[in-house]
Each structure stands twice: as structure tokens, then as C-alpha cells.
Amino acid sequence: MGYWLLKTEPEVFGIDHLAKRPRRTAPWDGVRNYQARNYLRDEVKRTDQAFIYHSSCAQPGVAGIASVVRAAYADPSQFERRNAHFDATSDPAAPRWVAIDVRLQRRLKRIITLDELRAHEEGKLLGMLLLRRGNRLSVTPVSEVHWQFILTLE
DNA sequence: GCCAACGTTGGC
DNA sequence: GCCAACGTTGGC
């Protein structure tokens with residue numbers, strides 16, 4: 001079982017949006033960074049678990065848990081001319097970007113804030129990629145130990 | 001809105 | 001292949 005952290009801006013597409021989708025399921029698309037794409041394409045498996053993390057907002061932190069219900073497939077938005085994530089240089093015969101589908105399992109009882117995570121940066125969460133200085137990746141792996149510890153903070 | 005950090009682009 | 005310029009991310 002793999003564990004992941006998926007960043008999203010709640011004003012664009014956050015946990016509230018996911019909760020309102022049919023079957024609480026939606027594509028996780030629009031990823032346009034190669035390293036994040038490689039995780040999605042090569043390592044994220046169906047049934048893996050993911051923290052939904054809110055960024056660029058008043059209270060950055062982990063908001064909920066989703067499960068991966070579909071592994072990587074070509075992200076349709078790269079070919080949609082009017083889409084913000086349109087990529088004119090991506091070849092339909094060899095699509096550059098991938099999406100996965102995720103289903104909301106549950107919200108956390110409360111947001112576990114970035115501040116709280118940072119409080120354990122030198123301890124239980126040592127080495128967590130999200131906390132690494134300058135990290136901007138929107139898809140990062142989470143170790144099982146870190147995953148379990150974060151849930152004890154809830 | 002600021003700005004540090006990092007990724008991407010493109011001239012050479 | 002180098003690296004300066006530029007764009008994006010994201011906390012604050």
C-alpha cells in the first residue's frame with residue numbers, strides 16, 4: 001500500500017469540491033511538473049491512500065483522506081485548448097501528462113495544519129518531503145510511519 | 001503583495 | 001551543456 005500527499009488550492013478544487021462530486025470521485029488532473037508526473041505515472045497505484053492537503057490558503061494543512069480509484073491515464077485537459085492546463089506541445093500519440101482518479105474517503109475531524117506538522121519536523125516527521133525547505137511538489141510520497149503518526153494528531 | 005526557492009526556457 | 005532570465009509555487 002502506497003501513501004501520498006496531494007496538494008490543492010481549496011479555492012480552486014478543494015475537499016469541498018471533491019465531497020460534492022458524484023461518488024465523491026474526481027480526476028486529479030492538471031499536474032504539470034515532471035517529478036510530480038513521474039510519481040503519478042510510475043508509482044501511484046489503485047487503492048493507494050492520499051492525504052488531501054490544502055495550500056495557498058488561510059489554513060494550509062491536511063484536510064482529508066482519499067483513495068486512488070484509478071491509476072494513471074492520459075490527462076485530457078492537456079488537449080483542451082481552453083483549459084488552463086492546455087499544453088500545445090503535448091502529442092496526442094504520446095501524451096505528456098497524466099491524471100489519476102481519487103475518491104474522498106473522509107474528512108479529518110479538523111485540519112491538521114502545516115504548523116502542527118512543522119512542530120514535528122525534527123522528530124516524528126523527520127524527512128517528510130512536504131516539510132523540506134523549498135519543496136513545491138504537488139505530489140509527494142508519505143512513508144507509512146509518517147502517515148500513521150499524522151493520523152494520531154487528529 | 002512579497003519574496004525565497006526551484007523549475008523551465010532558450011541563446012550561445 | 002552552461003547559465004541567465006523568466007515563470008511558478010506557496011508560506012507568510
Side-chain angles (χ1 to χ4, degrees), chain A residues 2-21 26-44 48-66 68 71-102 104-143 145-147 149-154:
Chain A
Y3 298 94
W4 302 93
L5 183 143
L6 303 174
K7 277 188 205 171
T8 188
E9 298 183 23
E11 289 180 14
V12 179
F13 188 89
I15 205 158
D16 292 337
H17 299 89
L18 187 55
K20 286 177 186 149
R21 290 298 181 92
W28 205 264
D29 60 5
V31 172
R32 295 293 181 270
N33 168 283
Y34 286 104
Q35 207 176 335
R37 181 214 52 190
N38 292 347
Y39 281 133
L40 290 182
R41 185 189 62 188
D42 304 333
E43 297 190 41
V44 176
D48 279 359
Q49 303 280 102
F51 284 137
I52 303 299
Y53 176 90
H54 283 171
S55 69
S56 294
C57 59
Q59 197 176 37
V62 178
I65 300 173
V68 177
Y73 58 95
D75 178 353
S77 69
Q78 68 196 302
F79 303 121
E80 295 166 3
R81 195 162 289 277
R82 284 187 299 278
N83 192 292
H85 302 288
F86 175 66
D87 181 355
T89 68
S90 181
D91 175 2
R96 175 173 299 150
W97 306 112
V98 300
I100 60 173
D101 288 351
V102 299
L104 180 63
Q105 287 208 318
R106 66 178 182 89
R107 294 169 191 269
L108 299 192
K109 299 184 191 100
R110 59 188 188 81
I111 302 262
I112 297 178
T113 65
L114 179 60
D115 278 348
E116 290 178 78
L117 299 178
R118 287 233 179 267
H120 301 280
E121 191 174 1
E122 310 284 321
K124 297 280 195 178
L125 296 179
L126 187 68
M128 187 179 180
L129 288 181
L130 173 76
L131 304 178
R132 194 178 276 180
R133 203 170 114 86
N135 167 66
R136 301 184 322 183
L137 272 187
S138 63
V139 178
T140 50
V142 177
S143 74
V145 170
H146 288 169
W147 178 277
F149 174 72
I150 289 166
L151 288 178
T152 69
L153 298 175
E154 187 181 8

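Numbered from 1 within each chain, the chains take letters A, B, ... in sequence-line order. Computed from a predicted structure; not experimentally measured.
- In the set C:dG10, C:dC12, B:dT8, C:dC12 carries the atom at the smallest distance from any side-chain atom of A:Asp115.
- Here the two rings, on A:Tyr73 and A:Trp97, have centers that are 6.0 Å apart or farther.
- Residue contacts shown for A:Ser56 include a base, since a base heavy atom lies under 4.0 Å away.
- Rounded to a whole Å, the CG atom of A:Asp87 is 15 Å from the C1' atom of B:dG7.
- Rounded to an integer number of Å, the gap from CG of A:Leu130 to C1' of B:dC6 is 16 Å.
- For the pair A:Thr8 and A:His54, the minimum side-chain heavy-atom distance is below 4.5 Å.
- When the C1' atom of C:dG11 is taken as reference, atom NE2 of A:His54 falls 16 Å away, rounded to whole Å.
- In this structure the side chain of A:Asp48 never reaches within 4.5 angstrom of the side chain of A:Glu43, judged on heavy atoms.
- For the pair A:Asn135 CG and C:dG11 C1', the interatomic distance rounds to 12 Å; values are reported in whole Å.
- As a whole-Å value, the separation of A:Gln35 CD from B:dA5 C1' is 14 Å.
- Remark: C1' of C:dG7 and CG of A:Asn33 are 13 Å apart, rounded to the nearest angstrom.
- Between A:Leu137 atom CG and B:dT8 atom P the separation is 10 Å, expressed in whole Å.
- Within the 4.0 Å cut-off from OP1 or OP2 of B:dA5, at least one side-chain nitrogen or oxygen of A:Arg133 is found.
- Phosphate contact (OP1/OP2 of C:dG11, side-chain N/O of A:Tyr53, threshold under 4.0 Å): present.
- In summary, the side chains of A:Asp75 and A:Ser77 do present a donor paired with an acceptor at a separation below 3.5 Å, with no hydrogens or angles considered.
- Rounded to whole angstrom, the span from the CZ atom of A:Arg96 across to the P atom of B:dG7 amounts to 17 Å.
- Taking 4.0 angstrom as the limit, A:Lys7 places a side-chain polar atom (N or O) nearer than this to OP1 or OP2 of C:dG10.
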